[in-house]
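Notes follow once the structure below has been shown.
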Amino acid sequence: MENLQILLRQHVGKPCAPVVKVGDKVKKGTLIAEPTGLGANIFSSAYGVVEDITDDRIIIKPDEEQPDDYEKIPEGTPLEMVKAAGVVGMGGAGFPTGIKLDTHFDGDGYILVNASECEPGLRHNIQQMEDEPEKVLKGVKYAMEISGANKAIFAIKKKNRKAIEKLDALLENEPDISRHLLADIYPEGEERAVVRSCLGIELEPSQLPSAAKAVVINSETCARIAEAIDERKPSFLKNVTVRGKLNGGNEAHVFMDVPVGTSVGDLIERAGGIDGEYGEITMGGAFTGHATTLDAPITKTTGAILVSMPFMDLKGAKLGILVCACGGNLERMEDLAKKYNGTVTQVCYCKQAQEQKNGSRKCERPGICPGQVKNNLDFKKAGCEYILIGNCSDCSNTVMASGPKMGLKVLHMTDHLMRAVGHPLYRTLRVSKEVDQDLNVQDNVENN
C-alpha cells in the first residue's frame, strides 16, 4: 500500500496542529491533529506508523493488514459527537458541521439537504442517495434535533429518478420532511440558490442561510453525521467520483468510503488508468475544482478526480477572460488560458460577481444572469478573437446571445472536462429554465 498523506488543512479555517509524533503507531480513527481555531479534528484513515510530519501534512505508512475496526469517538450529546468526529461540509466548502448546526432554531427552522450533485459529471452523492438513503435520512433527523429545526427539505435534481423514488418511499411517513426538485442547471446546488429554490427567499451575497432560518447540508455530510452519532465513527472516509479520459471508460467511477490521504494516482488506477494523452487532472468539479497532480492526496472535501481531453492550441491568439463568481477565480482562468496557449488581452468580471471584504467574489443571484453584452463589447474593442468564460448555465446562455454575433469565439472553462466525460458543452440552454422552475413549483405543491 502507498503512504497516506493527511493534510493538516481540510476545512474552512486554520490548519490543524499535529498531536502525534514520528514513529507513533496509529489506527483507523486515531486522532492525529486538532484545530488551532476554526477547524475540525483530523484522524488517521489507516492502521500504520507515522513516517513523517511536515508543515502541511502527516504522512502515514500503512500496515499490510487493515482491520475494519476503528477507534471510536467519546460518547456525548449529538452535537458533541459531530464535533468530536471532525465532520465538515463534504460538498466542497468544508465548513465545520458542528458549528453550522449549533444554531438554536427552537422549533422554527429548516434543514435543507443539498443532494443536487451540482457539478456536472459527478455521481457519488446520487449513488449514496440510491444505495444508503436511510443513513442520509437518519443524519437529517439528527441535524434537525441538534439545530432545533422543525422542517427539512431534500433538494435534488429531477433527472435523478431512481434516487427520487427511493427518497419518496422513505418520506411517506415523514410529515416534516419533504423534497424539492431542481432543474438540471449549474449552480442549483450553491447554498443561496438552494435557499431560493426551496424557500423562495433571496439572500444577499453577505448573508448566510441562517438569515432565512435554514442550514444547508450536503447529503454525504448527513450520512457522516449519522455515523458519528450511531457508530461513534470519526470522519476519515470520503466518497469520490473519478471520471474522464480513462481506460475504464468515461462513465462515472464511484468509489465509496475512500480513506482520506489516498493519492489521486491511486484512484485513477482503480478506474483503469489514463487513456493516452490528456490535458490536465482536476481535483473537484469542473467549475470549482483546480488542477492537481497524481501524487496529491484527497481530503474530506474532495468530490471528484477528473481527467480531461488535451487542450486546443490557440497559437497565441488574443483571448479575453470572463470571470464568474460561480466558476473559477482569476488565477484558475489564467492557468487555463496558458494551457490553451492564448494571449490574455482583456479580463472582465460578470457584473453580478460582487467582491467581498476578503477579496473573493460571490454572485448576487446565483444562476440568474442579467446579461453579458457590455463585457462582450469590451472584449471586441480589445481585439479578442476568443473569450474564455467561467459562467453558470444562464450566464453562458447570455454570453452566446451576443458574443458570436460580434465574431467572438467562445470557450468555456469546463470544455476540456465536459468533452472527456461526454457531457454537453456549456453554451446555449437547451431547456427553458422558466419551464423547469414552473415544474418545480407544481411538484412542490403536489408533494407538500
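- Residues Asn341 and Asp313 bring a donor and an acceptor atom of their side chains to less than 3.5 Å of each other.
- Annotation: Lys318, atom NZ; neighbour count of heavy atoms from other residues, nucleotides and ligands within 6.0 Å does not exceed 12.
- Salt-bridge check for Lys338 with Asp335: failed, with every basic side-chain N at 4.0 Å or more from each acidic carboxylate O.
- Nearest heavy atom pair, residue Gly328 against residue Met333, reads O-CG, 3.7 Å.
- In this structure a side-chain-to-backbone donor-acceptor pair under 3.5 Å is present from Lys100 to Val216.
- With respect to Lys141 and Glu174, a salt bridge is recorded, a charged nitrogen being found less than 4.0 Å from a carboxylate O.
- Considering all non-hydrogen atoms of both residues, Pro78 and Glu145 come closest at CG-OE2, 3.7 Å.
- Residues satisfying the side chain to side chain contact (heavy atoms under 4.5 Å, CB included) criterion with Asp102, sequence neighbours excluded, are Leu79, Lys83, His104.
- A distance-only check finds a donor-acceptor pair linking the side chain of Lys300 to the backbone of Gly86 [under 3.5 Å].
- Side-chain N or O atoms of Glu188 include none that pairs as donor or acceptor with a backbone N or O of Leu182 at under 3.5 Å.
- Between Gly139 and Ala226, the closest heavy-atom pair is N-CB, 3.8 Å.
- For Asp56, the CG atom is densely surrounded, since the number of other residues' heavy atoms within 6.0 Å is greater than 12.
- Every side chain to side chain contact (heavy atoms under 4.5 Å, CB included) that Pro120 has, sequence neighbours left out, goes to Tyr186, Phe287, Met418, His423, Tyr426.
- Under a 3.5 Å cut-off, the side chain of Ser197 and the backbone N or O of Val194 do not form any donor-acceptor pair.
- In this model, no donor atom of one side chain and acceptor atom of the other lie less than 3.5 Å apart for Gln128 and Ser219.
- Panel note: side chain Thr77, backbone Glu80; a donor-acceptor pair is recorded below 3.5 Å.
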- prompt: So Glu280 and Thr282, side-chain hydrogen bond (donor to acceptor under 3.5 Å, both in side chains) or not? Walk me through it.
  reply: CA-CA 6 Å; Glu280 70 173 6; Thr282 303; 3.2 Å; yes

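- Sorted pairs that involve residues 361-385 and meet ring-ring contact (aromatic ring centres under 6.0 Å, His included), not counting sequence neighbours, are lacking altogether.
- Results of the side chain to side chain contact (heavy atoms under 4.5 Å, CB included) test with Asn160 over Ile126, Leu181, Leu167 single out Ile126 as the only residue that passes.
- Around NZ of Lys362, the count of heavy atoms belonging to other residues, nucleotides or ligands within 6.0 Å exceeds 12.
- Scanning both residues, Pro133 and Leu170, for their nearest heavy atoms gives CB-CD1, 3.4 Å.
- A side-chain donor-acceptor contact under 3.5 Å links Gln10 to the backbone of Leu7.
- Inter-residue side-chain proximity for Asn391 and Cys350 is flagged as met; some heavy-atom pair is nearer than 4.5 Å.
- Side-chain atoms of Asn150 come within 3.5 Å of backbone N or O of Gly107 as a donor-acceptor pair.
- Residues Lys158 and Asp184 are not paired through a salt bridge, judged by the lack of any N-O separation under 4.0 Å between the basic side chain and the carboxylate.
- Taking the side chain as every heavy atom from C-beta outward, Cys392 and Ile185 never approach each other to under 4.5 Å.
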ask   = Please walk me through it: do Met90 and Lys238 pass side chain to side chain contact (heavy atoms under 4.5 Å, CB included)?
value = CA-CA 8 Å; Met90 292 188 161; Lys238 186 69 185 75; 4.0 Å; yes

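- We find that Glu355 and Arg361 are joined by a salt bridge, their nearest charged nitrogen and carboxylate oxygen being less than 4.0 Å apart.
- Checking Asn125 against Glu117 by side-chain atom types alone, a donor-acceptor pair falls below 3.5 Å.
- Screening residues 254-267 for side chain to side chain donor-acceptor pair (under 3.5 Å) gives Glu2-Ser263, Arg224-Asp257, Asp266-Arg270 as the qualifying pairs, with residues at least two apart or on separate chains.
- Using modelled atom types, no side-chain atom of His290 and backbone atom of Gly284 make a donor-acceptor pair closer than 3.5 Å.
- Proximity of Val215 to Tyr110: side-chain heavy atoms (C-beta onward) are nowhere separated by under 4.5 Å.
- Using a 4.5 Å heavy-atom cutoff, the side chains of Ile274 and Ile268 are in contact.
- Here Lys14 pairs with nothing under the side-chain hydrogen bond (donor to acceptor under 3.5 Å, both in side chains) rule; sequence neighbours left out.
- For the atom pair NZ of Lys381 and OG1 of Thr345, the computed distance is 16.0 Å after rounding to the nearest 0.5 Å.
- In plain terms, the two heavy atoms of Val260 and Ser45 that are nearest each other are O-OG, 2.6 Å.
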Distance-only donor-acceptor pairs under 3.5 Å for side chains of residues 368-377, two or more places apart:
residue : atom : partner : partner atom : Å
Gln372  : OE1  : Asn375  : ND2          : 2.9
Lys374  : NZ   : Asp378  : OD2          : 3.2
Asn375  : ND2  : Tyr349  : O            : 3.3
Asn376  : ND2  : Val399  : O            : 3.3
Asn376  : ND2  : Ser402  : OG           : 2.7

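- Taking a cutoff of 4.0 Å between a charged side-chain nitrogen and a carboxylate oxygen, Lys245 and Glu277 do not qualify as a salt bridge.
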Would you check, one step at a time, whether the test side chain to side chain contact (heavy atoms under 4.5 Å, CB included) holds for Ile99 with Leu38? CA-CA 9 Å; Ile99 296 175; Leu38 178 64; 3.2 Å; yes

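- The side-chain heavy atoms of Phe255 and Val242, taken from C-beta on, include a pair separated by under 4.5 Å.
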Run Leu314 and Tyr386 through side chain to side chain contact (heavy atoms under 4.5 Å, CB included) and show every step you take.
CA-CA 9 Å; Leu314 300 185; Tyr386 292 87; 3.7 Å; yes

Check the pair Cys363 / Gln352 against side chain to side chain contact (heavy atoms under 4.5 Å, CB included), numbers first and verdict last. CA-CA 5 Å; Cys363 184; Gln352 291 200 149; 3.6 Å; yes

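- Arg196 has a carboxylate O that lies under 4.0 Å from a charged side-chain N of Glu202, or vice versa, which qualifies the two as a salt bridge.
- Note on Glu385 versus Lys409: salt bridge recorded, some NZ/NE/NH1/NH2 to OD/OE distance being below 4.0 Å.
- Under 4.0 Å is where a charged nitrogen must lie from a carboxylate oxygen, and between Arg427 and Asp415 at least one such pair does.
- Between Glu130 and Arg123 there is a salt bridge, since at least one side-chain N of the basic residue sits less than 4.0 Å from a carboxylate O of the acidic one.
- Side-chain atoms of Ile298 and Val240, non-hydrogen and from C-beta on, do get closer than 4.5 Å to each other.
- Contact detail for Pro366 and Glu190: the closest heavy-atom pair is CG-OE1, 3.4 Å.
- Counting only heavy atoms from C-beta outward, the side chains of Met400 and Val410 approach each other to under 4.5 Å.
- Side-chain atoms of Met283 and Thr302, non-hydrogen and from C-beta on, do get closer than 4.5 Å to each other.
- No donor-acceptor distance shorter than 3.5 angstrom exists from the side chain of Thr241 to the backbone of Ala252, with no hydrogens or angles considered.
- By the 6.0 Å contact criterion, CG on Asp55 is open, its count of non-hydrogen atoms from other residues, nucleotides or ligands being 12 or less.
- No donor-acceptor pair closer than 3.5 Å links the side chain of Glu204 to the backbone N or O of Ser206.
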